[in-house]
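Just below is one structure, and these are the notes that go with it.
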Amino acid sequence: MAVTVKTFASASEAAGALSSDRTARYLGGGTLVMRALNEGDVAISTVVRAQDQALTRIDASGPRITLGAGVTFARILAERDLAFLHAPARSIGGPAVRNMGTVGGNLFAPSPYGDFTVALLALDATVAVAGGFGSRDTPIEEFLQARERQAGTLVLSVSCTRPASSEAFRYRKIARIKPKGGSVITLAAHLPVSGGRIAGARIALGSMAPTQIRARAAERALEGRSLDAATIAAAASAATEGTSPSDNALGSAWYRREIVGVHLRRLLSGQD
């Protein structure tokens with residue numbers, strides 16, 4: 001089946017094309033869409049592209065940073081002001097994938113991929129999208145819950161608050177093939193501290209459900225407490241609550257449930 005490629009000057013035009021054609025998919029870096037086409041996905045008959053420079057813009061000058069949906073992981077690694085995102089960006093594939101893969105595309109990456117999105121979920125990011133109902137900002141958790149229904153929208157950018165310190169944000173990816181393998185599990189934690197106690201804990205998990213999820217029970221175990229051994233143990237014990245991992249070639253659902261608490265304990269303890 002022939003595939004039509006449509007290129008637009010602006011993101012709004014591209015968004016209009018996506019919302020009016022259920023068979024259209026947006027082509028950013030191509031690591032997801034081109035793979036689907038190469039594997040014979042007949043549901044895609046139109047590929048939409050945009051040359052809007054706003055999609056590749058980075059604003060990291062203030063306490064809240066904004067990444068255009070077309071920003072690649074290689075660009076993030078080249079930005080000193082984005083050092084807190086270097087670990088998740090570096091965990092995405094090999095150099096070729098990081099040169100092409102984009103922030104916006106990663107939001108749609110199925111398990112066991114989408115590791116950068118785990119970091120964004122822990123950082124309480126907001127996703128700016130455009131579609132049939134105009135432009136709007138959506139909390140990332142809400143976006144992910146409705147991800148399968150986002151086909152007719154175009155992600156414009158993602159924004160999040162910069163962590164107050166290097167200790168406030170932590171990230172870990174467990175993979176069998178390093179550094180570019182798919183995730184067995186991925187964990188990220190944002191642990192703001194006020195008066196020596198955690199205030200506003202967010203823990204995100206990848207490969208523990210159909211989409212990236214928050215470990216809310218573990219967050220509750222941390223909230224309002226100091227990050228001591230007892231608190232960490234309580235959070236680790238609660239790590240599996242609300243999860244629904246699946247079996248795949250990288251690990252079974254049983255195995256993921258067995259190790260997620262172990263790795264959350266290491267993440268919160270600052271262990272390698």
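Only this structure's heavy atoms are used, side chains among them; waters, hydrogens and symmetry mates stay out.
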Contact list for residues 245-264, test ring pair (Phe, Tyr, Trp, His ring centres under 6.0 Å), sequence neighbours left out: none
Remaining members of the apolar cluster that contains V193, side-chain heavy atoms under 4.5 Å: none
Side chain to side chain contact (heavy atoms under 4.5 Å, CB included) evaluation trace for S244 with M208: CA-CA 6 Å; S244 55; M208 290 298 293; over 6 Å; no
Qualifying residues under salt bridge (Lys or Arg N to Asp or Glu O under 4.0 Å), relative to R176, sequence neighbours excluded: none
Sequence neighbours excluded - side-chain hydrogen bond (donor to acceptor under 3.5 Å, both in side chains) pairs with any residue from residues 69-81: none
Separation of I65 CD1 from S157 OG (nearest 0.5 Å): 10.0 Å
Cluster overlap F169 with L267, hydrophobic side-chain contacts below 4.5 Å: no
For residues 232-243, run the donor-acceptor check on the side chains, cut-off 3.5 Å, and write out each pair with its distance to 0.1 Å, sequence neighbours left out.
from: S237; atom 1: OG; to: A233; atom 2: O; distance (Å): 3.0
from: E241; atom 1: OE2; to: R220; atom 2: NH2; distance (Å): 3.4
from: T243; atom 1: OG1; to: T240; atom 2: O; distance (Å): 2.7

CZ-CG distance between R197 and L222, expressed to the nearest 0.5 angstrom: 12.5 Å
Linked, directly or transitively: L85 and V97 (ILVMFWY side chains, under 4.5 Å): yes
Side-chain heavy atoms of L268 within contact of L191, under 4.5 Å: yes
Under 3.5 Å side-chain donor-acceptor pair for T117 and N106: yes
Residues in side chain to side chain donor-acceptor pair (under 3.5 Å) contact with E39, at least two apart in sequence or another chain: R35
Residues forming a side chain to side chain donor-acceptor pair (under 3.5 Å) with D137, sequence neighbours excluded: none
Heavy-atom pair with the smallest gap, counting every atom of A215 and L205: CB-CD1, 3.9 Å
Partner set under salt bridge (Lys or Arg N to Asp or Glu O under 4.0 Å) for E219, not counting sequence neighbours: R214
R57 vs D52 side-chain heavy atoms within contact, under 4.5 Å: no
Residue pairs involving residues 2-13 (criterion side-chain hydrogen bond (donor to acceptor under 3.5 Å, both in side chains); sequence neighbours excluded): T7-R49, S10-S12, S10-E13
Verdict with supporting geometry, I203 and L187, side chain to side chain contact (heavy atoms under 4.5 Å, CB included): CA-CA 7 Å; I203 297 175; L187 311 92; 5.8 Å; no
Approximate separation, where rounding is to 0.5 Å, of S207 OG and N248 CG: 7.0 Å
Passing candidate, ring pair (Phe, Tyr, Trp, His ring centres under 6.0 Å) with F108, options F116, Y26, Y113, F143: F143
ILVMFWY network linking L67 to L77, side-chain heavy atoms under 4.5 angstrom: no
Summary of salt bridge (Lys or Arg N to Asp or Glu O under 4.0 Å) pairs that have at least one residue in residues 182-193, sequence neighbours excluded: none
Rounded distance (nearest 0.5 Å) linking atom CD1 of I185 with atom OG of S111: 11.5 Å
Crowding at CZ, R265 (>12 non-hydrogen neighbours, <6.0 Å): yes
Contact check, side chains of V71 and V158, non-hydrogen atoms, under 4.5 Å: no
Sequence neighbours excluded - salt bridge (Lys or Arg N to Asp or Glu O under 4.0 Å) pairs with any residue from residues 115-130: D115-K173, D124-R202
Summary of salt bridge (Lys or Arg N to Asp or Glu O under 4.0 Å) pairs that have at least one residue in residues 156-167, sequence neighbours excluded: E167-R170
Verify same cluster id: F84, I198 (apolar side-chain graph, 4.5 Å): no
